[in-house]
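In what follows, a structure is listed as C-alpha coordinates, so that the remarks can point back to it.
These numbers come from a predicted model, not from an experiment. A, B, ... follow the sequence lines: proteins, then strands. Residue 1 opens every chain.
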There are 2 protein chains.
Amino acid sequence: MTRGFDADCLATREILNRVGDKWSVLVIVILGDGMRRFNDLKRSIDGISQRMLTLTLRSLERDGLVKRTVHPTNPPSVDYELTPFGRTLLAPVAELALWAQRHRPEVQRARDAYERAEKGTGRAGKR
Amino acid sequence: MTRGFDADCLATREILNRVGDKWSVLVIVILGDGMRRFNDLKRSIDGISQRMLTLTLRSLERDGLVKRTVHPTNPPSVDYELTPFGRTLLAPVAELALWAQRHRPEVQRARDAYERAEKGTGRAGKR
DNA sequence: CTGGATCCAGGCCGATACTG
DNA sequence: CAGTATCGGCCTGGATCCAG
(Lines give C-alpha, C1' and ligand atoms only; values in the text may rest on other atoms or scores of the structure.)
Protein backbone atom coordinates (compact mmCIF):
# COMPACT_ATOMS: atom_id res chain seq x y z
CA MET A 1 0.00 0.00 0.00
CA THR A 2 2.96 2.25 0.47
CA ARG A 3 4.99 1.18 -2.52
CA GLY A 4 4.03 2.85 -5.76
CA PHE A 5 1.22 4.66 -4.04
CA ASP A 6 2.10 7.99 -5.58
CA ALA A 7 2.61 6.43 -8.96
CA ASP A 8 -0.77 4.75 -8.78
CA CYS A 9 -2.44 7.97 -7.82
CA LEU A 10 -0.75 9.72 -10.66
CA ALA A 11 -1.93 7.05 -13.08
CA THR A 12 -5.44 7.43 -11.75
CA ARG A 13 -5.37 11.15 -12.07
CA GLU A 14 -4.05 10.80 -15.60
CA ILE A 15 -6.93 8.56 -16.61
CA LEU A 16 -9.48 10.77 -14.93
CA ASN A 17 -8.12 13.78 -16.72
CA ARG A 18 -8.47 11.93 -19.98
CA VAL A 19 -11.92 10.61 -19.27
CA GLY A 20 -13.09 13.41 -17.02
CA ASP A 21 -13.20 16.07 -19.68
CA LYS A 22 -16.45 17.48 -20.81
CA TRP A 23 -17.50 14.87 -23.37
CA SER A 24 -15.40 11.69 -23.33
CA VAL A 25 -17.63 9.67 -21.04
CA LEU A 26 -20.70 10.59 -23.00
CA VAL A 27 -19.04 9.39 -26.18
CA ILE A 28 -17.81 6.20 -24.53
CA VAL A 29 -21.21 5.36 -23.12
CA ILE A 30 -22.94 6.00 -26.43
CA LEU A 31 -20.38 4.03 -28.38
CA GLY A 32 -20.89 1.27 -25.83
CA ASP A 33 -24.15 0.65 -27.66
CA GLY A 34 -22.40 0.06 -30.96
CA MET A 35 -20.84 1.72 -33.96
CA ARG A 36 -21.89 5.24 -34.85
CA ARG A 37 -21.20 7.77 -37.57
CA PHE A 38 -19.92 11.26 -36.93
CA ASN A 39 -23.07 13.26 -37.39
CA ASP A 40 -25.00 10.49 -35.74
CA LEU A 41 -22.91 11.07 -32.62
CA LYS A 42 -23.22 14.80 -32.97
CA ARG A 43 -26.97 14.57 -33.05
CA SER A 44 -27.04 12.11 -30.16
CA ILE A 45 -25.11 14.33 -27.83
CA ASP A 46 -26.81 17.60 -28.61
CA GLY A 47 -24.88 20.50 -27.24
CA ILE A 48 -21.47 19.40 -28.43
CA SER A 49 -19.75 21.38 -31.14
CA GLN A 50 -18.20 19.53 -34.03
CA ARG A 51 -14.89 20.83 -32.87
CA MET A 52 -15.17 19.22 -29.46
CA LEU A 53 -16.55 16.01 -30.93
CA THR A 54 -13.59 15.82 -33.27
CA LEU A 55 -11.10 16.55 -30.52
CA THR A 56 -12.72 14.07 -28.15
CA LEU A 57 -12.76 11.31 -30.75
CA ARG A 58 -9.15 12.03 -31.69
CA SER A 59 -8.08 11.82 -28.10
CA LEU A 60 -9.90 8.55 -27.59
CA GLU A 61 -8.52 7.17 -30.82
CA ARG A 62 -5.06 8.23 -29.82
CA ASP A 63 -5.30 6.27 -26.60
CA GLY A 64 -6.50 3.17 -28.40
CA LEU A 65 -10.00 3.32 -26.95
CA VAL A 66 -11.85 4.10 -30.15
CA LYS A 67 -11.41 2.82 -33.68
CA ARG A 68 -12.03 5.13 -36.61
CA THR A 69 -13.05 3.69 -39.97
CA VAL A 70 -13.24 5.78 -43.12
CA HIS A 71 -15.47 4.63 -45.98
CA PRO A 72 -14.29 6.10 -49.31
CA THR A 73 -17.85 6.62 -50.51
CA ASN A 74 -19.44 9.76 -51.84
CA PRO A 75 -20.26 11.59 -49.71
CA PRO A 76 -17.62 10.19 -47.38
CA SER A 77 -18.69 8.65 -44.11
CA VAL A 78 -16.73 7.71 -41.01
CA ASP A 79 -17.58 5.13 -38.40
CA TYR A 80 -16.49 5.20 -34.80
CA GLU A 81 -16.61 2.28 -32.40
CA LEU A 82 -15.04 1.18 -29.15
CA THR A 83 -12.04 -1.08 -29.47
CA PRO A 84 -11.94 -4.19 -27.28
CA PHE A 85 -9.59 -2.21 -25.09
CA GLY A 86 -12.08 0.61 -24.94
CA ARG A 87 -14.75 -1.82 -23.86
CA THR A 88 -12.74 -2.74 -20.79
CA LEU A 89 -13.12 0.85 -19.68
CA LEU A 90 -16.87 0.67 -20.15
CA ALA A 91 -17.41 -1.37 -16.97
CA PRO A 92 -15.70 0.96 -14.48
CA VAL A 93 -17.26 3.95 -16.12
CA ALA A 94 -20.68 2.34 -15.94
CA GLU A 95 -20.02 1.72 -12.26
CA LEU A 96 -19.37 5.38 -11.69
CA ALA A 97 -22.32 6.32 -13.84
CA LEU A 98 -24.54 4.15 -11.69
CA TRP A 99 -23.24 5.84 -8.57
CA ALA A 100 -23.93 9.21 -10.13
CA GLN A 101 -27.48 8.32 -11.06
CA ARG A 102 -28.27 6.82 -7.68
CA HIS A 103 -26.74 9.52 -5.52
CA ARG A 104 -27.43 12.66 -7.43
CA PRO A 105 -30.36 13.66 -5.23
CA GLU A 106 -28.25 13.07 -2.13
CA VAL A 107 -25.49 15.29 -3.48
CA GLN A 108 -28.05 17.90 -4.33
CA ARG A 109 -29.48 17.77 -0.82
CA ALA A 110 -26.03 18.01 0.75
CA ARG A 111 -25.29 20.99 -1.40
CA ASP A 112 -28.48 22.74 -0.41
CA ALA A 113 -27.85 22.00 3.25
CA TYR A 114 -24.36 23.43 2.93
CA GLU A 115 -25.66 26.62 1.41
CA ARG A 116 -28.17 27.02 4.20
CA ALA A 117 -25.71 26.25 7.00
CA GLU A 118 -23.28 28.71 5.50
CA LYS A 119 -25.64 31.57 6.16
CA GLY A 120 -26.23 30.60 9.77
CA THR A 121 -22.60 30.23 10.83
CA GLY A 122 -21.37 33.48 9.45
CA ARG A 123 -19.28 31.99 6.67
CA ALA A 124 -18.50 34.06 3.65
CA GLY A 125 -21.12 32.52 1.44
CA LYS A 126 -19.96 34.15 -1.70
CA ARG A 127 -21.47 32.37 -4.63
CA MET B 1 -32.28 1.99 -22.06
CA THR B 2 -33.91 4.82 -23.94
CA ARG B 3 -35.78 6.41 -21.07
CA GLY B 4 -33.82 8.87 -18.99
CA PHE B 5 -30.73 8.19 -21.03
CA ASP B 6 -29.83 11.81 -21.48
CA ALA B 7 -30.56 12.60 -17.86
CA ASP B 8 -28.36 9.74 -16.71
CA CYS B 9 -25.55 10.87 -18.94
CA LEU B 10 -25.88 14.36 -17.57
CA ALA B 11 -25.73 13.05 -14.02
CA THR B 12 -22.66 11.06 -14.90
CA ARG B 13 -20.98 13.99 -16.48
CA GLU B 14 -21.83 16.10 -13.49
CA ILE B 15 -20.20 13.66 -11.12
CA LEU B 16 -17.18 13.28 -13.34
CA ASN B 17 -16.75 17.00 -13.47
CA ARG B 18 -16.84 17.11 -9.71
CA VAL B 19 -14.52 14.20 -9.21
CA GLY B 20 -12.53 14.56 -12.40
CA ASP B 21 -10.80 17.76 -11.45
CA LYS B 22 -7.14 17.86 -10.77
CA TRP B 23 -7.07 16.78 -7.12
CA SER B 24 -10.39 15.42 -5.83
CA VAL B 25 -9.67 11.77 -6.50
CA LEU B 26 -6.29 12.01 -4.88
CA VAL B 27 -7.87 13.46 -1.76
CA ILE B 28 -10.63 10.87 -1.74
CA VAL B 29 -8.23 7.99 -2.08
CA ILE B 30 -5.95 9.31 0.64
CA LEU B 31 -8.86 10.00 2.98
CA GLY B 32 -10.02 6.47 2.25
CA ASP B 33 -7.18 5.42 4.53
CA GLY B 34 -8.54 7.44 7.41
CA MET B 35 -8.74 10.87 8.96
CA ARG B 36 -6.09 13.43 8.07
CA ARG B 37 -5.17 16.95 9.06
CA PHE B 38 -4.78 19.79 6.61
CA ASN B 39 -1.02 20.04 6.40
CA ASP B 40 -0.81 16.29 6.61
CA LEU B 41 -2.82 16.12 3.40
CA LYS B 42 -0.80 18.88 1.88
CA ARG B 43 2.43 17.00 2.52
CA SER B 44 0.94 13.74 1.28
CA ILE B 45 -0.07 15.12 -2.05
CA ASP B 46 3.04 17.10 -2.85
CA GLY B 47 2.52 19.45 -5.71
CA ILE B 48 -0.81 20.82 -4.55
CA SER B 49 -1.02 24.42 -3.39
CA GLN B 50 -2.82 25.24 -0.18
CA ARG B 51 -5.27 27.13 -2.27
CA MET B 52 -6.24 24.12 -4.36
CA LEU B 53 -6.33 21.86 -1.32
CA THR B 54 -8.71 24.25 0.38
CA LEU B 55 -10.91 24.56 -2.67
CA THR B 56 -10.95 20.82 -3.25
CA LEU B 57 -11.84 20.06 0.36
CA ARG B 58 -14.53 22.73 0.35
CA SER B 59 -16.06 21.29 -2.77
CA LEU B 60 -16.06 17.79 -1.31
CA GLU B 61 -17.48 19.02 1.96
CA ARG B 62 -20.14 20.92 0.10
CA ASP B 63 -21.28 17.76 -1.62
CA GLY B 64 -21.41 15.83 1.64
CA LEU B 65 -18.49 13.58 0.77
CA VAL B 66 -16.05 14.88 3.36
CA LYS B 67 -16.54 15.92 6.96
CA ARG B 68 -14.53 18.79 8.41
CA THR B 69 -13.85 18.94 12.15
CA VAL B 70 -12.28 21.96 13.80
CA HIS B 71 -10.48 21.52 17.12
CA PRO B 72 -10.35 24.80 19.04
CA THR B 73 -6.82 24.15 20.30
CA ASN B 74 -3.77 26.36 20.06
CA PRO B 75 -2.49 26.23 17.45
CA PRO B 76 -5.79 25.29 15.81
CA SER B 77 -6.07 22.02 13.91
CA VAL B 78 -8.65 20.70 11.49
CA ASP B 79 -9.41 17.10 10.65
CA TYR B 80 -10.84 15.86 7.39
CA GLU B 81 -12.40 12.48 6.82
CA LEU B 82 -14.74 10.79 4.39
CA THR B 83 -18.36 10.67 5.39
CA PRO B 84 -20.19 7.34 5.08
CA PHE B 85 -21.64 8.79 1.91
CA GLY B 86 -18.16 9.64 0.69
CA ARG B 87 -17.10 6.07 1.33
CA THR B 88 -19.71 4.81 -1.09
CA LEU B 89 -17.88 6.71 -3.78
CA LEU B 90 -14.62 5.09 -2.82
CA ALA B 91 -15.51 1.75 -4.41
CA PRO B 92 -16.27 2.99 -7.95
CA VAL B 93 -13.29 5.30 -7.83
CA ALA B 94 -11.05 2.46 -6.72
CA GLU B 95 -12.42 0.47 -9.64
CA LEU B 96 -11.38 3.15 -12.06
CA ALA B 97 -8.06 3.59 -10.30
CA LEU B 98 -7.38 -0.11 -10.73
CA TRP B 99 -8.16 0.15 -14.42
CA ALA B 100 -5.81 3.08 -14.70
CA GLN B 101 -2.97 1.29 -12.98
CA ARG B 102 -3.41 -1.88 -15.00
CA HIS B 103 -3.81 -0.30 -18.39
CA ARG B 104 -1.51 2.66 -18.23
CA PRO B 105 1.24 0.91 -20.21
CA GLU B 106 -1.28 -0.11 -22.84
CA VAL B 107 -2.51 3.45 -23.20
CA GLN B 108 1.07 4.61 -23.47
CA ARG B 109 1.78 2.08 -26.18
CA ALA B 110 -1.34 3.04 -28.10
CA ARG B 111 -0.31 6.64 -27.89
CA ASP B 112 3.16 5.93 -29.18
CA ALA B 113 1.79 3.82 -31.99
CA TYR B 114 -0.57 6.64 -32.92
CA GLU B 115 2.27 9.12 -33.08
CA ARG B 116 4.28 6.82 -35.29
CA ALA B 117 1.39 5.97 -37.59
CA GLU B 118 0.64 9.65 -37.94
CA LYS B 119 3.97 10.26 -39.61
CA GLY B 120 3.57 7.39 -42.04
CA THR B 121 0.13 8.35 -43.32
CA GLY B 122 0.85 11.97 -43.97
CA ARG B 123 -1.21 13.34 -41.12
CA ALA B 124 -0.39 16.71 -39.66
CA GLY B 125 1.42 15.44 -36.60
CA LYS B 126 1.76 18.77 -34.94
CA ARG B 127 2.74 18.19 -31.33
C1' DC C 1 -20.77 14.63 -44.69
C1' DT C 2 -16.54 15.07 -42.13
C1' DG C 3 -13.67 17.59 -40.60
C1' DG C 4 -9.55 21.56 -40.25
C1' DA C 5 -8.23 26.57 -38.86
C1' DT C 6 -8.85 30.60 -36.40
C1' DC C 7 -10.53 33.81 -33.00
C1' DC C 8 -12.09 34.66 -28.54
C1' DA C 9 -14.14 34.27 -23.75
C1' DG C 10 -14.23 32.14 -19.28
C1' DG C 11 -12.59 29.19 -15.81
C1' DC C 12 -8.97 26.57 -13.65
C1' DC C 13 -5.06 26.64 -11.27
C1' DG C 14 -0.43 28.26 -9.42
C1' DA C 15 2.43 31.79 -6.85
C1' DT C 16 2.59 34.98 -3.52
C1' DA C 17 1.36 37.77 0.35
C1' DC C 18 -1.40 38.38 4.38
C1' DT C 19 -4.62 37.06 8.65
C1' DG C 20 -6.21 34.81 13.14
C1' DC D 1 -1.49 25.69 11.69
C1' DA D 2 -5.17 26.70 8.65
C1' DG D 3 -6.78 29.32 5.94
C1' DT D 4 -8.22 33.96 2.73
C1' DA D 5 -7.24 37.48 -1.08
C1' DT D 6 -5.37 38.84 -5.26
C1' DC D 7 -3.10 38.61 -9.60
C1' DG D 8 -1.98 36.46 -13.78
C1' DG D 9 -1.14 32.69 -17.21
C1' DC D 10 -2.74 28.81 -19.55
C1' DC D 11 -5.91 25.79 -21.34
C1' DT D 12 -10.61 24.36 -22.41
C1' DG D 13 -14.18 24.86 -25.11
C1' DG D 14 -17.65 27.58 -28.17
C1' DA D 15 -18.62 30.10 -32.72
C1' DT D 16 -17.60 30.72 -37.16
C1' DC D 17 -15.63 30.16 -41.56
C1' DC D 18 -13.44 27.21 -44.94
C1' DA D 19 -12.04 22.72 -47.47
C1' DG D 20 -12.10 17.92 -49.37
Search all heavy atoms of B/Asp21 against all heavy atoms of A/Asn17 and return the closest pair with its distance.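 B/Asp21 and A/Asn17 have their closest heavy atoms at O-OD1, 4.3 Å.
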
Mind listing the closest non-hydrogen atom pair of A/Pro92 and A/Thr88 along with its distance?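 Where A/Pro92 meets A/Thr88 most closely, the heavy atoms are CD-O, 3.2 Å.
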
Nearest to the side chain of [X], heavy atoms from C-beta on, is which of [options]?
X       : options               : result
B/Arg43 : D/dG3, D/dC1, C/dG3   : D/dC1
B/Lys22 : C/dG14, C/dG4, D/dG14 : C/dG14
B/Val78 : C/dG4, C/dT2, D/dG3   : D/dG3
B/Pro76 : C/dG3, D/dC1, D/dG3   : D/dC1
A/Asn39 : C/dC13, D/dA2, C/dC1  : C/dC1
A/Gln50 : C/dA17, C/dC13, C/dG4 : C/dG4
A/Ser77 : C/dT2, D/dT4, C/dG3   : C/dT2
A/Tyr80 : D/dA2, C/dG3, D/dG3   : C/dG3
B/Trp23 : C/dC1, C/dG14, D/dC17 : C/dG14

Would you say the side chain of B/Leu31 lies within less than 4.5 Å of the side chain of B/Leu41, judging by non-hydrogen atoms?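 Of all side-chain heavy-atom pairs linking B/Leu31 with B/Leu41, at least one is under 4.5 Å.
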
B/Leu57 vs B/Arg68 side-chain heavy atoms within contact, under 4.5 Å: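 Heavy-atom side-chain distance check fails, nothing below 4.5 Å.
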
Check the distance between [N]'s [atom2] and [X]'s [atom1] and give it to me in whole angstrom.
X       : N      : atom1 : atom2 : value
A/Leu57 : C/dC1  : CG    : P     : 16 Å
A/Asn74 : C/dC1  : CG    : C1'   : 10 Å
B/Ile45 : C/dC13 : CD1   : C1'   : 14 Å
B/Asp21 : C/dG11 : CG    : C1'   : 13 Å
B/Leu53 : D/dT4  : CG    : P     : 11 Å
A/Leu26 : D/dG13 : CG    : P     : 13 Å
A/Met52 : C/dC8  : CE    : P     : 19 Å
A/Asp79 : C/dG3  : CG    : P     : 10 Å

Are the charged groups of A/Arg58 and A/Glu61 less than 4.0 angstrom apart, N to O?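 Looking at A/Glu61 together with A/Arg58, the answer is yes, because their closest N to O distance falls below 4.0 Å.
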
Indicate whether OP1 or OP2 belonging to D/dA2 is found under 4.0 Å from a side-chain N or O atom of B/Arg37.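 Checking B/Arg37 against D/dA2: at least one side-chain N or O falls below 4.0 Å of OP1 or OP2.
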
Would you please confirm or rule out a distance under 4.0 Å between OP1 or OP2 of C/dT2 and any side-chain N or O of A/Arg58?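 So the side chain of A/Arg58 is outside the cut-off, no N or O lying under 4.0 Å from OP1 or OP2 of C/dT2.
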
What contact category does A/Arg51 fall into here, base, sugar-phosphate, or nothing, at under 4.0 angstrom with non-hydrogen atoms?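 Touches a base.
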
